[in-house]
Amino acid sequence: MISRIDLRGNALPEGGALRDLLPRAEFDVEAALEKVRPICEDVHHRGTAALIEYAEKFDGVTLERIRVPAEALAEALEKLDPQVKAALEESIRRARTVHRAQRRTEHTTQVVPGGTVTEKWVPVERVGLYAPGGRSVYPSSVVMNVVPAQEAGVESIALASPPQREFGGLPHPTILAACALLGVDEVYAAGGAQAVAMFAYGTEECAPANMVTGPGNIWVAAAKRYFTGRIGIDTEAGPTEIAVLADETADPVHVAADLISQAEHDPMAAAVLVTDCAALADAVERELEPQVAATKHVEDRIKPALAGRQSAIVLVDGLEQGLKVVDAYGAEHLEIQTADAAAVAGRVRNAGAIFVGPWAPVSLGDYCAGSNHVLPTGGCACHSSGLSVQSFLKGIHIVDYSRDALAEVAHHVVTLAEAEDLPAHGAALKARFGWKVPGQ
């Protein structure tokens, strides 16, 4: 059901050579880019008409308009299962608690007497958020995108989610109810690359956004790449991943359950166990069979995900090698199920989010830990972070110098300008001091 990679007995290679030994899903955004390019430009030129046409082509629905009416949002919230509503409210509460603490404050540094640099943080003006709606419905992604944007102080928030044939061309009602709970009333029935194009270019119904965030399929990722530079993005999210670093103290029942929990997302989802304990590897393999048989989405998602090239049990020669492997892998979600798990977690450099010990499964982070589940995939955790309040803020430096403070450093500025063969830079200071710069 799942393959093995045995790295024991040899010194591990460094950098890219080690990454090449580890399992990873194929996710060719560059190839998808050529397919989304005409879709994006069609939305640019035809706006809402193009979105309606693509809804019929890709989603099998006939729409008269793309924006979801306010009464549909209110109705979805009114009809929401009370238990689901309570769970979403708790998820929102915990996410707000964590993300509110991420707010940045203005800070002024006095460089010299009379010379200061202030860094202030300004939220982007408008964001377009994407909530997937393919194999599953993800109201949790609404929470994870909206809460940090709101806590950052973004004034204009719009959300897009694919239209659903079984719901009359509206996004899934649980998505709409989550929007209503969060106070987001600008919602669009649009999916895929065309939704990203709607936010990037704007249409008759939708004003253009400064930034687009949220997970999606390869077409959404390709559209984000296409528009990078025109709009800000969070990340080109690929297939979801879990890596578990475990030793002989780990419970194979827990490890198997956690691997399956991510495999049920998608047949391209990655489930990786890194361990120095062959007995644990054997026990986890034995556990997978009955646990998979007892759940849903077996043939179309879980079995292909576990059997795919992106999933494996990786055997290593001890904890030090295991840490080297998980840092090279840079998992979206990394569980540490070892002795002294907190200390081991503190040594990890590359992961989207780290889950410490047996009582912090990835599923907790997906919904109610308070952390954000929009995280870097495909090894991007070696240089990128998950979604946060910071994602929606711009840092701006405000430089305020008096005449005396400028005079003190003017000769250094002129010297550096001339060293770079940019004499007009230096002349800008000389003009302020009658062409005789103090100190020269």
Side-chain angles (χ1 to χ4, degrees), residues 1-7 19 21-27 135-136 138 215 217 237-247 250-278 280-316 322-323 325-338 341 348 350-358 360-367 373 375-381:
M1 182 175 291
I2 189 168
S3 64
R4 288 200 185 192
I5 298 173
D6 195 340
L7 299 179
R19 287 193 294 273
L21 296 177
L22 303 178
R24 187 76 74 187
E26 289 187 20
F27 195 69
R135 287 183 173 86
S136 299
Y138 293 104
N217 59 21
T240 190
E241 306 159 345
I242 181 175
V244 182
L245 177 60
D247 62 13
D251 186 329
V253 175
H254 296 173
V255 174
D258 293 350
L259 295 176
I260 294 168
S261 74
Q262 291 305 110
E264 76 172 339
H265 275 289
D266 186 277
M268 291 177 68
V272 177
L273 167 62
V274 180
T275 183
D276 62 352
C277 180
L280 176 70
D282 294 340
V284 169
E285 280 200 84
R286 289 192 298 270
E287 273 296 325
L288 287 174
E289 294 284 350
Q291 289 195 35
V292 168
T295 191
K296 292 175 65 177
H297 313 304
V298 173
E299 299 299 330
D300 62 330
R301 303 184 204 173
I302 294 174
K303 282 188 175 180
L306 293 176
R309 59 177 287 176
Q310 71 273 17
S311 298
I313 295 173
V314 181
L315 293 168
V316 295
L323 280 166
V325 167
V326 297
D327 268 337
Y329 184 72
E332 177 188 20
H333 310 94
L334 174 63
E335 290 187 357
I336 307 294
Q337 299 201 33
T338 65
V348 173
N350 300 329
I354 303 172
F355 299 82
V356 181
V362 167
S363 300
L364 174 66
D366 282 342
Y367 301 112
H373 78 201
L375 300 167
T377 60
C380 292

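Numbering of residues begins at 1 and proceeds along the displayed sequence. For the numbers below, each heavy atom of this structure counts, side chains included, while hydrogens, waters and symmetry mates do not.
- Of all non-hydrogen atoms in Leu306 and Ser311, the two that sit nearest each other are O-CB, 3.5 Å.
- Note that the CG atom of Leu315 and the CZ atom of Arg4 stand 5.5 Å from one another [nearest 0.5 Å].
- Using a 4.5 Å heavy-atom cutoff, the side chains of Leu245 and Thr275 are not in contact.
- Listed here is the closest heavy atom pair of Ile260 and Ile302: CG2-CD1, 3.9 Å.
- A 4.5 Å side-chain heavy-atom check between Val244 and Leu259 finds at least one atom pair inside the cut-off.
- Taken to the nearest 0.5 Å, the CG atom of Leu288 stands 9.0 Å off from the CG atom of Leu273.
- Taking the side chain as every heavy atom from C-beta outward, Leu22 and Leu7 approach each other to under 4.5 Å.
- The backbone N or O of Asn350 lies less than 3.5 Å from a partner atom in the side chain of Asp327, making a donor-acceptor pair.
- Side chain of Glu335 to main chain of Val362: a donor-acceptor pair is present (N/O by atom type, distance under 3.5 Å, no hydrogens or angles).
- Between Ala351 and Leu334, the shortest heavy-atom distance links the atoms CB-CB, 4.0 Å.
- The side chain to side chain contact (heavy atoms under 4.5 Å, CB included) test with Glu241 is passed by exactly one of His265, Gln262, Gln310, Arg24: Arg24.
- Residues Thr377 and Thr240 form no side-chain contact, since every pair of their non-hydrogen atoms from C-beta on lies 4.5 Å or further apart.
- Scanning both residues, Ile242 and Asp258, for their nearest heavy atoms gives CD1-O, 3.5 Å.
- Nearest approach of Asp247 to Cys277, heavy atoms of both residues: C-CB, 4.3 Å.
- The CE atom of Met268 lies 10.0 Å from the CZ atom of Arg309; values are rounded to the nearest 0.5 Å.
- Side-chain contact between Leu364 and Phe355: absent, with no pair of heavy atoms (C-beta onward) separated by less than 4.5 Å.
- Here the CG atom belonging to Leu280 is positioned 10.5 Å from the CD atom belonging to Glu285, to the nearest 0.5 angstrom.
- Not one N or O on the side chain of Ser3 forms a donor-acceptor pair closer than 3.5 Å with the backbone of Ala312.
- Judged purely by atom type and a 3.5 angstrom limit, His373 uses its side chain to pair as donor or acceptor with the backbone of Asp366.
- In plain terms, the two heavy atoms of Arg301 and Glu264 that are nearest each other are CD-O, 2.9 Å.
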